[in-house]
Protein chains: 2
Amino acid sequence: MTQTDPIIAVLDLGGYRLTAPRRAIAALIAGYGGHFTAAELELAARERRLGLSRATLYRALDLLIELGVIERLDLPGGDHAYVPCARAHHHHVVCSRCGRTAEVTDSGVAEAVAEIAHQTGYEISTHRLELFGLCRHCQVKTALDA
Amino acid sequence: MTQTDPIIAVLDLGGYRLTAPRRAIAALIAGYGGHFTAAELELAARERRLGLSRATLYRALDLLIELGVIERLDLPGGDHAYVPCARAHHHHVVCSRCGRTAEVTDSGVAEAVAEIAHQTGYEISTHRLELFGLCRHCQVKTALDA
DNA sequence: CCTCTGTCTAGACTGAGTCGCAATAATTAT
DNA sequence: ATAATTATTGCGACTCAGTCTAGACAGAGG
């Protein structure tokens, strides 16, 4: 782990202090392949005796969202999860079975949005597209279960 | 108001009892042009001395969501609102200034979704698109403010 | 009119997320 | 190195949305 964590790098560039709690949180996040919830992070931190307070955790998440290195998803069930992600505009596909996520670029969505703006007369400034389904891996598993 | 409230009609068709609290909630919802939050409903109910408990309110909302007559939106800020809506698949455009909403059909989004499925290999079962911007009315107001 | 059972009320409860403030420690200047 | 500066943390109390339970109530059908 001599490698620089990208999250740490962004914090540094942003002029934020590289504190122990932030490094710890960055490491935890890097450990998740896909999405994670605030509760999961909190639990993981407690298990490893990192001794960071809930407030710090939430503050760090807010900061990372603001910096665009993680994004908040609203799952259909109503609770939220976070995904580490690139900073450019994109969307997420979430596997509803295993939670694995993939990023996709705007392919065709921008046109659709323009069309909608035209239809409604709204001046659209942001949009959020979230997709749910089965990842390739779970498609196979599901087929076997049947 | 001899006219039948569509929400009441759907409840009836679904075989649910047409109770006083449900009628009251349906009426409140019909009163909102656009979106509303659970808190707003609760407040409105309290102001009119309808005397319905929070539990009832939330249960009614859950039921209406299940029946598809209202839908839950996740606003960028993180809190949720509800919008009364048609039962077919569609999306909402929310005015970020006044909260007014408009429904739009899938125009072009379906293609984009298919393209994304192809790109990622996911078998996509649902998607959610939420758009935010200024409605025509607020575009004018904002121009005047400047 | 009576019964059955779905629905309601009240209020306690849970759990996520926030707030304020004193204590701490990452930087920067000396 | 050391000290000064000030962003960040931890704590713990707090808020607020939403849930749950148990007993009371009231629609719908017979």
S.K.: Listed in order of residue number, which residues of residues 56-75 of chain A have a non-hydrogen atom at under 4.0 Å from DNA chain D?
M.R.: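 Under 4.0 Å from DNA chain D: A:Thr56, A:Arg59.
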S.K.: Figure out the CG/P separation between A:Leu11 and D:dT8, and round it to whole Å.
M.R.: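 It works out to 9 Å between those atoms.
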S.K.: So among A:His127, A:Arg128, A:Glu71, which one has a side-chain hydrogen bond (donor to acceptor under 3.5 Å, both in side chains) with A:His91?
M.R.: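 It is A:His127, the one option of A:His127, A:Arg128, A:Glu71 that forms the side-chain hydrogen bond (donor to acceptor under 3.5 Å, both in side chains) with A:His91.
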S.K.: Testing A:Leu64, A:Leu41, A:Ile65, A:Leu73 for side chain to side chain contact (heavy atoms under 4.5 Å, CB included) with A:Tyr82, which one passes?
M.R.: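 Single side chain to side chain contact (heavy atoms under 4.5 Å, CB included) partner of A:Tyr82 among A:Leu64, A:Leu41, A:Ile65, A:Leu73: A:Ile65.
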S.K.: Taking atom NE2 of A:His118 as the centre, does the number of heavy atoms from other residues, nucleotides or ligands within less than 6.0 Å exceed 12?
M.R.: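 It does not: A:His118 NE2 has 12 such atoms or fewer within range.
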S.K.: Okay, side chain of B:Gln139, backbone of A:Gly121: is any donor-acceptor separation there less than 3.5 Å?
M.R.: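 Yes; judged by distance alone, with no hydrogens or angles, the pair exists.
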S.K.: Quick check on DNA chain C: between B:Arg54 and A:Glu42, whose nearest nucleotide comes earlier from the 5' end?
M.R.: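 Per heavy-atom nearest nucleotide, the more 5' residue is B:Arg54.
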S.K.: Within the supplied structure, the quantity of interest is the number of heavy atoms (other residues, nucleotides, ligands) at a distance under 6.0 Å from B:His137 NE2; does it exceed 12?
M.R.: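 No - once you tally the heavy atoms of other residues, nucleotides and ligands closer than 6.0 Å, there are 12 at most.
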S.K.: Who else is in the cluster with B:Leu131 when I, L, V, M, F, W and Y are joined by side-chain contacts under 4.5 Å?
M.R.: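 Grouped by the 4.5 Å side-chain rule, A:Val93, A:Val104, A:Val109, A:Val113, A:Ile116, A:Tyr122, A:Ile124, A:Leu129, A:Leu131, B:Val93, B:Val104, B:Val109, B:Val113, B:Ile116, B:Tyr122, B:Ile124, B:Leu129 form the rest of the cluster around B:Leu131.
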S.K.: Is there a side-chain contact between A:Leu11 and A:Leu63 in this structure, where contact means two heavy atoms from C-beta onward sitting under 4.5 Å apart?
M.R.: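 Yes. Closest side-chain heavy atoms under 4.5 Å.
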S.K.: What verdict does the side chain to side chain contact (heavy atoms under 4.5 Å, CB included) test give for A:Glu40 and A:Leu28, after you've listed the backbone C-alpha separation in whole Å, the side-chain angles of each residue and the deciding distance to 0.1 Å?
M.R.: CA-CA 10 Å; A:Glu40 279 165 10; A:Leu28 283 180; over 6 Å; no
S.K.: Quick one: bend of the helix from C:dC1-D:dG30 to C:dT30-D:dA1 from 5 pairs per end, to 10°?
M.R.: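 Roughly 40° between the end axes, to the nearest 10°.
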S.K.: Name all residues meeting the side chain to side chain contact (heavy atoms under 4.5 Å, CB included) criterion together with B:Arg97; count only those two or more places apart in sequence or in a different chain, and write none if there are none.
M.R.: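 Expected list: B:Cys95, B:Leu134, B:Cys138, B:Lys141, B:Thr142, B:Asp145.
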S.K.: Would you check, one step at a time, whether the test side chain to side chain contact (heavy atoms under 4.5 Å, CB included) holds for B:Gln119 with A:Thr105?
M.R.: CA-CA 10 Å; B:Gln119 248 184 60; A:Thr105 54; 4.2 Å; yes
S.K.: Looking only at side-chain N and O atoms, does B:His80 come under 4.0 Å of OP1 or OP2 in D:dA17?
M.R.: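 No, no such contact exists.
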S.K.: Going 5' to 3' on DNA chain C, which nucleotide is the first and which the last to come under 4.0 Å of a heavy atom in chain A?
M.R.: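 Going 5' to 3' along DNA chain C, contacts run C:dA16 to C:dT27.
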S.K.: What's the CD1-P distance between B:Ile8 and D:dA28, to the nearest Å?
M.R.: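 Going from B:Ile8 (CD1) to D:dA28 (P), I get 11 Å.
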S.K.: Strictly below 4.0 Å, heavy-atom distances to any atom of DNA chain C: list the hits from residues 12-23 of chain B, or just say none.
M.R.: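 Close to the strand are B:Tyr16, B:Arg17, B:Thr19, B:Pro21, B:Arg22.
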S.K.: What I'd like to find out is whether the side chain of A:Leu43 reaches to under 4.5 Å of the side chain of A:Arg46, using heavy atoms alone.
M.R.: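 Yes. Closest side-chain heavy atoms under 4.5 Å.
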S.K.: So, taking the atom named CG in A:Leu13 and the one named CD1 in A:Ile8, what distance separates them when rounded to the nearest 0.5 Å?
M.R.: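 Spacing of CG (A:Leu13) from CD1 (A:Ile8) equals 11.5 Å.
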S.K.: For A:Asp74 and A:Glu130, what are the C-alpha separation, side-chain angles and deciding distance, and is it a side chain to side chain contact (heavy atoms under 4.5 Å, CB included)?
M.R.: CA-CA 8 Å; A:Asp74 297 284; A:Glu130 285 164 14; 4.3 Å; yes
